[in-house]
Amino acid sequence: MNATTTDHGSRTQEQRSSATRHQLLQATFECLVELGYARTSTPEVLRRTGISRGALLHHYPTRTDLVVAAVDYVFARQLDAFRHNFKKLPAAEERGEAAVELLWQTMSGDTYYAWLELVVAARTDAVLRAKIHEVNTRFDQDAAGLYEELFPGVEQRPEGGSLSLSFAFATLGGLAVSAIHEDPERVRRIVDVLKRLSAMFDASNKTPGS
């Protein structure tokens, strides 16, 4: 018998639970993007998924638990996608510049705007603020680990690996907000400036003949 299925070939309880969580989190994420935090409600998520209220409460007892878990879930998938896409780059590619470009593609998309909805709401919601702080801390640690994985020895650089990563996040995060109303051509030029800065950092840390 396959360890992941029952005798009749049906899904295990854990597989069903995982599928339910995926549906709930995906629908919640889509609500955050389409409707914003204020209009993202558990009834709307249930309407979109067809899942019972009891099942939702079993996995996510509160609305706050649900919305935070949804963004955390998408963050993890985005990191995996970033790793996958970065490792597909041609060997001759300027890796620092490519990393900035991939990061911008992520931060100028729905994931960042869903996260921004929570960040703004958390300013006046202590419970939400505490939960997104946990998610943010975990994401920072995971992102730093991925940065070290893709750029070995980066923490020994003069500018500091984690510091330069935080600089990139802060710059692109602010730019993503500006992009809502800013001229797209100007936004693109700013991204290109950051890419050139990354290339300069890379060049300054290469030893002769490397």
Side-chain angles (χ1 to χ4, degrees), residues 13-83 103-148 160-182:
Q13 179 61 43
E14 177 52 37
Q15 287 174 322
R16 291 193 294 272
S17 293
S18 178
T20 297
R21 288 193 298 270
H22 170 78
Q23 285 183 270
L24 290 169
L25 297 178
Q26 187 62 38
T28 302
F29 172 73
E30 291 169 1
C31 284
L32 286 169
V33 173
E34 297 169 20
L35 306 176
Y37 175 76
R39 294 168 58 203
T40 294
S41 64
T42 52
E44 175 62 18
V45 171
L46 296 178
R47 185 190 70 79
R48 293 187 180 211
T49 60
I51 292 171
S52 70
R53 179 172 175 77
L56 183 151
L57 294 176
H58 171 72
H59 293 290
Y60 306 105
T62 70
R63 173 176 178 259
T64 298
D65 291 331
L66 179 63
V67 294
V68 172
V71 176
D72 194 15
Y73 171 74
V74 175
F75 270 174
R77 291 199 302 172
Q78 289 287 355
L79 277 178
D80 287 341
F82 185 97
R83 176 188 285 106
L103 188 58
W104 172 241
Q105 291 173 16
T106 298
M107 297 190 70
S108 60
D110 289 346
T111 301
Y112 184 74
Y113 293 122
W115 174 246
L116 194 61
E117 288 285 336
L118 300 190
V119 170
V120 173
R123 187 182 69 84
T124 56
D125 185 331
V127 174
L128 178 60
R129 187 163 62 250
K131 288 183 178 293
I132 67 169
H133 175 71
E134 293 176 7
V135 172
N136 195 61
T137 299
R138 184 163 56 252
F139 176 79
D140 284 347
Q141 292 171 345
D142 290 345
L146 177 57
Y147 192 28
E148 177 67 32
S162 58
L163 184 61
S164 59
L165 184 62
S166 295
F167 173 76
F169 275 129
T171 302
L172 294 178
L175 188 58
V177 176
S178 297
I180 297 172
H181 54 77
E182 183 65 88

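With salt bridges taken as basic N to acidic carboxylate O contacts below 4.0 Å, none links Lys131 and Glu134. Taking the charged nitrogens against the carboxylate oxygens, Asp80 and Arg77 have no contact shorter than 4.0 Å, which rules out a salt bridge.
Remark: the backbone N or O of Thr42 is not paired with any side-chain donor or acceptor of Arg53 at under 3.5 angstrom. Checked by atom type and distance alone, the side chain of Ser178 pairs as donor or acceptor with a backbone atom of Gly174 at under 3.5 Å. Side chain of Thr137 to main chain of His133: a donor-acceptor pair is present (N/O by atom type, distance under 3.5 Å, no hydrogens or angles).
Closest of all the heavy-atom pairs between Ala27 and Thr49 is CB-CG2, 3.5 Å. Summarising the geometry of Ala176 relative to Trp104, their closest heavy-atom pair is N-CZ3, 3.8 Å, with the distance given to 0.1 Å.
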Open item on the list: Is there a salt bridge (Lys or Arg N to Asp or Glu O under 4.0 Å) between Glu34 and Arg48? Walk through the geometry before answering.
Closed with: CA-CA 13 Å; Glu34 297 169 20; Arg48 293 187 180 211; 3.0 Å; yes
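A distance of 6.0 Å or more separates the ring centres of Phe75 and Tyr112.
The distance from the OG atom of Ser52 to the NE2 atom of His58 is 10.5 Å, given to the nearest 0.5 Å. The CZ atom of Arg16 lies 9.0 Å from the OG1 atom of Thr20; values are rounded to the nearest 0.5 Å. Between the CD atom of Glu117 and the CG atom of Leu35 there is a distance of 9.5 Å, given to the nearest 0.5 Å.
Figure legend: cation-pi geometry between Arg21 and Tyr73 absent, as NZ or CZ is not positioned both under 6.0 Å from the six-membered ring centre and within 45° of its axis.
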